[in-house]
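Heavy-atom basis, side chains included; hydrogens, waters and symmetry copies ignored.
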2 protein chains.
Amino acid sequence: MKQKITIKTIAKELGVSTSTVSKALKDSHEIGKETKDKIQAFANHYNYKPNSLALQLRNQKTKVIGVILPKIVHHFFSTVIMGIEAYANEKGYHIMVCFSNEDYQKEVETLSVLSNGSVDGLIVSIANETLENKDFSHFIDLVEEDIPLVLFDRVVDDILCDKIVVDDVGAGYKATKHLVDIGCKRIGLITTPDHVSVGALRRLGYEKALIESYVKTDSKLIIKIDEKQDIKKQIEQLFEQNIDGIFAVNEIYAANAMRIAKEKGLNIPNDISIIGFTDGLISEYSSPSITTIAQHGFIMGRQAVELLIDRIENETEVFTPKKIVISSDLKIRESTKTSS
Amino acid sequence: MKQKITIKTIAKELGVSTSTVSKALKDSHEIGKETKDKIQAFANHYNYKPNSLALQLRNQKTKVIGVILPKIVHHFFSTVIMGIEAYANEKGYHIMVCFSNEDYQKEVETLSVLSNGSVDGLIVSIANETLENKDFSHFIDLVEEDIPLVLFDRVVDDILCDKIVVDDVGAGYKATKHLVDIGCKRIGLITTPDHVSVGALRRLGYEKALIESYVKTDSKLIIKIDEKQDIKKQIEQLFEQNIDGIFAVNEIYAANAMRIAKEKGLNIPNDISIIGFTDGLISEYSSPSITTIAQHGFIMGRQAVELLIDRIENETEVFTPKKIVISSDLKIRESTKTSS
DNA sequence: AAAATTTACGAAATCGGTTTCGTGTTGACA
DNA sequence: TGTCAACACGAAACCGATTTCGTAAATTTT
């Protein structure tokens, strides 16, 4: 193991004190020009880099942001990470990424470990199991320890911290309204169980659009997917109803619905129009390409770090939790009719 | 800011020395039962957690693994990250994730920052620009500093470190051979420019399969995509040739090819069979679903950390770089004929 | 009862930096 | 020539832990 060069090494080698070396390397006026030059040349030659751990300990900050996601093999979340990393880097921060895998226990543990001082703050999207349990005490503890925390996408009101969300109700409304506008009469909804907050909100938007358009809502047209079961089989039930439009709260559900529709010999979009959620690769490349709600994950990530870094760097200020709503766009593609 | 509790606080509060506290918390036999109980109870009550930075500095290890990827919004890379994180966590490590965005300069900087002691080792897949430049000195410096390094997927021989790769030649061979076997006579290849090592290797496999099968290779059937230009237009050129099979070295190229084929009114797989690379969501959900080479990213990630942690924890051992080849599977779906 | 050992704890060094506060030397000014 | 400021540098504290070593008191051994 090649010995890493430290301030102490330099000091000994050059016959000066460590304080002199430290000051010389920061170009302090306290140090004479000759000494400075000598030290800088030496440090440069041996490619001296200050040990970041020592600095972190001294400064009581790590310049690291912890990010906990439910999963990563997922277009939306990976886009958010991109946004987080890009802006964090700009600001001189790095990110430590962990996954809860939708698991409550792992979320608790990860949170506990990361709050030991390894990060200056945290950005989290809550695990499904936690949303189901409704046990948020691990987050509340964090807030009480005054560790900066930003929640995004999957958030809950019980936790007093900054939050970034997509306008899920609005998006659900926008999608459903579009289906109505192009002439769909019986619109199915493929959503998540109620405890998944985003699913519930998108459903609200769906219902709002129907009511506003005087279309009767029908609970038989709403399927709540249990991901532990076979997704396709559950969606197939929806096709037993007489439907001419589908709003799915994510890409996978939409893709599955499209597949089933094709298998049943339905023409998309003429017999049935489909709108998904998340503007991922599936929506873009499947055929027909899928009309979808684009969530702007990159912007969400960026906003999340922005809020977080602001919190971290202005700790003295009185803190009032902010909630930022990112609007989402309907991206019209081939899976929806152009008019009635 | 609520004051974090430290060993010093406990010591002062309980009228003992910091060493006593430290030992008591580790249940050392050196400390009397009463004192121990008192300290442990106190620490427990105030939810004391040792400052990890202090420990890292003292132990000269961070239990953090740096991961540098070219991009993340990509099925293969996000799968690899999953694998890395899963096994790293099992072993008590965390991962710091950075992205080079295929950019040489950012790769150099990131590498430099992370090698300041913030991580115990690094897992990297090289940026495209770096591969093009052929300037690997930043990696070579790293190796000379004896910082454990594992390269995966995009690797180069010039760097003496552990490597994990997919059997790209074999995979290219397997895919092409399959096309030959089902009766394709003129097989197009959609690949990357030569400097992208994986693309070049997959091409070798393609050529090998053709030669072995006494099919004439034809450079007009090979398209090297320049990602700075319009991908679809480039692929369209291939369709000016008379082809009945396509092997694309990634999912996006395959999806684009399929789209063009459909636009031209070709029936897939009867008129033309298509095989892609990376078993992502596009391949799975497009219709027809795409026959592809599954790369087992999760396993690659896991193997990479395994090698790395082994390196980190057995630094004394003489080091001989290993290269692990992960075999890949042909996953047959609907975009290829079942027989000739 | 004296010697040896064990028990229970504290002082201080260490990890690698930064920073405050002194201090000896030099030069300028009265 | 005496005084004072400026200059150039070092000693030591500090960040928060661990760990070695030393030692007083208690206990056991001889």
Tabulated below should be each protein N or O lying under 3.5 Å from an N or O of nucleotides 20-26 of chain D; please produce it.
unit_1, atom_1, unit_2, atom_2, d
D:dT20, O4, B:Lys23, NZ, 3.3

State whether [X] places a side-chain N or O below 4.0 Å from either non-bridging phosphate oxygen (OP1 or OP2) of [N].
X: A:Thr6; N: C:dG16; answer: no
X: A:Thr35; N: D:dC9; answer: yes
X: A:Ser17; N: D:dG10; answer: yes
X: B:Tyr48; N: D:dA17; answer: yes
X: B:Lys8; N: D:dC15; answer: yes

Heavy-atom closest pair (B:Arg154 atom, B:Ser197 atom, distance to 0.1 Å) is CA-OG, 4.1 Å
For [X], what residues pass the salt bridge (Lys or Arg N to Asp or Glu O under 4.0 Å) criterion, not counting sequence neighbours?
X: B:Lys71; answer: B:Glu102
X: A:Glu30; answer: A:Lys23
X: A:Glu107; answer: none

Do B:Ile126 and B:Val155 come within less than 4.5 Å of each other through their side chains, counting heavy atoms only? no
Classify the angle between the aromatic ring planes of A:Phe42 and A:Tyr46 as parallel (below 30°), tilted (30 to 60°) or perpendicular (above 60°). tilted
If you pin A:Asn51 and B:Thr18 to their nearest nucleotides in DNA chain C, which one's is more 5'? B:Thr18
Can you sort out which residues in residues 53-64 of chain B have a heavy atom within less than 4.0 Å of DNA chain D? Ascending by number, please. B:Ala54, B:Leu55, B:Arg58
Please give the angle, rounded to 10 degrees, between the axes at the start and the end of the helix from C:dA1-D:dT30 to C:dA30-D:dT1, where five pairs define each axis. 70°
Using atom NE2 of A:His29 as one end and atom P of D:dA8 as the other, report the distance to the nearest whole Å. 10 Å
Of the listed nucleotides (D:dG16, C:dT18, D:dC9), which one gets closest to any side-chain atom of A:Ile7? C:dT18
